[in-house]
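Input: a single structure, listed below in structure tokens.
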There are 2 protein chains.
Amino acid sequence: MVEYITQTLDAVFHALSDPTRRAMLHRLSTSERTVSELATPFNMSLAGASKHIKVLEAAGLVRRHVQGRTHICALQAARLAEAQEWLRYYEQFWEERLDDLENILRAEDRALAEKARHGDRKDPKTKMDSKE
Amino acid sequence: MVEYITQTLDAVFHALSDPTRRAMLHRLSTSERTVSELATPFNMSLAGASKHIKVLEAAGLVRRHVQGRTHICALQAARLAEAQEWLRYYEQFWEERLDDLENILRAEDRALAEKARHGDRKDPKTKMDSKE
DNA sequence: ACTATATTAAACCTTATGGTTGAATATATC
DNA sequence: GATATATTCAACCATAAGGTTTAATATAGT
């Protein structure tokens, strides 16, 4: 059904596998930044940071436009959407587990209710929300 | 707010950056498989495939239980959920763009309506759904 | 023209990655 | 006990990745 360009996913997931690059993306999410601005927070040479930016660019996660001598980088989120789409297929497997948990809790509730009906009532366990 | 264990994300995204490993996960999504079953479809030595499985295991994406001499692997989706959660933050940036597109289309509609009101009416563009 | 700034390029180093082959280990089966 | 099966381990190889440093390039400011 859905067709994934594997080289794109390779590049995107690889780009995301490095904490420096993820941090760069996060900073780009608040505003565009020049290469030096992006490099500043990291304990790394400019050339090193520049390489990371190029990896992000190659994966299509960052677009740059050159303005005089400065290169301005901007987040380009479309490829992240593709990655998320790939992941979406697997949602059923973690949702399934949550469903299982929910079913267990419901079964416990029923058991308690049954017990209560037969006289022996006591503090019914409060159901807790799995979302924190 | 949400705190991400960067080493976990490093490992998960790295694991996902290889097409063989993504294919393995996909096969595990239909059922559990032994190491050799997992290795079969790939043009690669068993030892090679075994290494990939270990990468998946180290990233927490696969769990194995040994039964006699065979090792049975199963998908473990929780870490994928974490990766998706990390990506979810960026949804606003692709949704934003879709919103922009929608606003442009709406503006065009208004312009056409205005034109029509001033006599000059012609085929109004049908609005298209941005999904699909 | 000269100098300072922004960025990349090139060469290099170390470690990781993806792969191989051949031997080792553990469990089944005859 | 001997043999076949399932899997890993260890050693090795080539290339990629993440980093550095020292030029080189391009544009700005004086």
| Nearest nucleotide by nearest heavy atom, which residue falls closer to the 5' end of DNA chain D, A:Gln67 or A:Leu46? |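 Taking each residue's closest nucleotide, the earlier one in sequence belongs to A:Leu46.
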Students often get this wrong, so: under 4.0 angstrom with heavy atoms, is [X] touching a base, only sugar-phosphate, or nothing?
X       : result
B:Thr34 : sugar-phosphate
A:Gly68 : sugar-phosphate
A:Ser45 : base
A:Lys51 : base

Rounded to the nearest Å, what distance is computed from the [atom1] atom of residue [X] to the [atom2] atom of nucleotide [N]?
X       : N      : atom1 : atom2 : value
B:Ile53 : C:dG19 : CD1   : P     : 13 Å
A:Leu16 : D:dA17 : CG    : C1'   : 16 Å
B:Leu38 : D:dT8  : CG    : C1'   : 15 Å
B:Arg21 : C:dA16 : CZ    : C1'   : 12 Å
A:Leu56 : D:dG18 : CG    : P     : 10 Å
A:Met24 : D:dG18 : CE    : C1'   : 12 Å
A:Phe13 : D:dA17 : CZ    : P     : 16 Å
A:His65 : C:dA6  : NE2   : P     : 16 Å

[X] side chain N/O closer than 4.0 Å to the phosphate oxygens (OP1, OP2) of [N]?
X       : N      : value
B:Arg69 : D:dT8  : no
B:His71 : D:dT8  : yes
A:His14 : D:dG18 : yes

| task | Looking only at side-chain atoms of A:Thr70, point me to the closest of D:dT8, C:dA6, D:dT20. | result |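 My answer, after comparing the listed nucleotides, is C:dA6.
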| note | The nucleotide from D:dG19, D:dT8, C:dT8 with an atom nearest the side chain of A:Thr20 is D:dG19
| Upstream residue (5' side of DNA chain C) when A:Glu57 and B:His52 are each assigned their closest nucleotide | A:Glu57
| About how many Å separate NE2 of A:His14 and CD of A:Gln7, when rounded to the nearest 0.5 Å? | 15.0 Å
| request: Over all heavy atoms of both residues, which pair between A:Tyr90 and B:Arg22 is shortest? Give the atoms and the distance, please. | output: OH-O, 4.0 Å
| task | Could you tell me how the ring of A:Phe93 sits relative to the ring of A:Tyr89: parallel (under 30°), tilted (30 to 60°) or perpendicular (over 60°)? | result | perpendicular
| task | Quick one: sort the A:Trp86 and A:Phe13 rings into parallel, tilted or perpendicular, breaks at 30° and 60°. | result |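 Answer is perpendicular, since the angle exceeds 60°.
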| Which is it for A:Arg79 and A:Glu82 under the salt bridge (Lys or Arg N to Asp or Glu O under 4.0 Å) test, yes or no, and what are the steps along the way? | CA-CA 5 Å; A:Arg79 292 282 168 84; A:Glu82 286 179 45; 3.7 Å; yes
